[in-house]
Amino acid sequence: MALICALGVYIFIIINGNKILSENQDKLDMNEASHVYDASKNEVAVLARENREVVKPEEIPLKLQQAFIATDGPALWAALGH
């Protein structure tokens with residue numbers, strides 16, 4: 001009986017998987033990467049479309065801030081509220 005139930009669930013997933021995935025695609029796009037760890041707390045995977053980590057402006061080295069400003073101009077700094 002368990003085998004029949006498992007087969008039924010498997011067939012349901014195969015038939016409806018793409019539909020369910022396409023309906024929920026926007027929920028899978030996260031701003032930051034997700035880190036997956038094993039039981040020993042070792043990182044085993046990073047899930048992301050782009051590998052981003054959100055940081056505060058104070059965490060960005062001054063030279064890197066200056067490089068962005070030099071490249072993008074004062075409009076970038078003004079847009080950030082500084």
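Scope of the values below: all heavy atoms of this structure, side chains included, with no hydrogens, waters or symmetry mates. The structure presented is a predicted model; accordingly, all values stated were derived computationally and were not measured.
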Report summary line: For Val46, the hydrophobic cluster (side chain heavy atoms closer than 4.5 Å, chained through members) also holds none
Only distances under 3.5 Å count here; give the side-chain donor-acceptor pairs of residues 36-43 to other protein atoms, sequence neighbours excluded, each with its distance to 0.1 Å.
from	atom 1	to	atom 2	distance (Å)
Asp38	OD1	Ser40	N	3.0
Asp38	OD1	Lys41	N	3.1
Asp38	OD1	Asn42	N	2.8
Glu43	OE1	His35	ND1	2.8

Report summary line: Taken to the nearest 0.5 Å, the spacing of Ile14 CD1 from Leu7 CG works out to 10.5 Å
Query raised in the report: If you draw a 6.0 Å radius around CD1 in Ile4, do more than 12 non-hydrogen atoms from other residues or ligands fall strictly inside?
Result: no
Report summary line: CD of Gln66 to OG1 of Thr71, rounded to nearest 0.5 Å, is 11.5 Å
Query raised in the report: Hey, is the main chain of Ile20 close enough, under 3.5 Å, to the side chain of Glu23 for a donor-acceptor pair?
Result: no
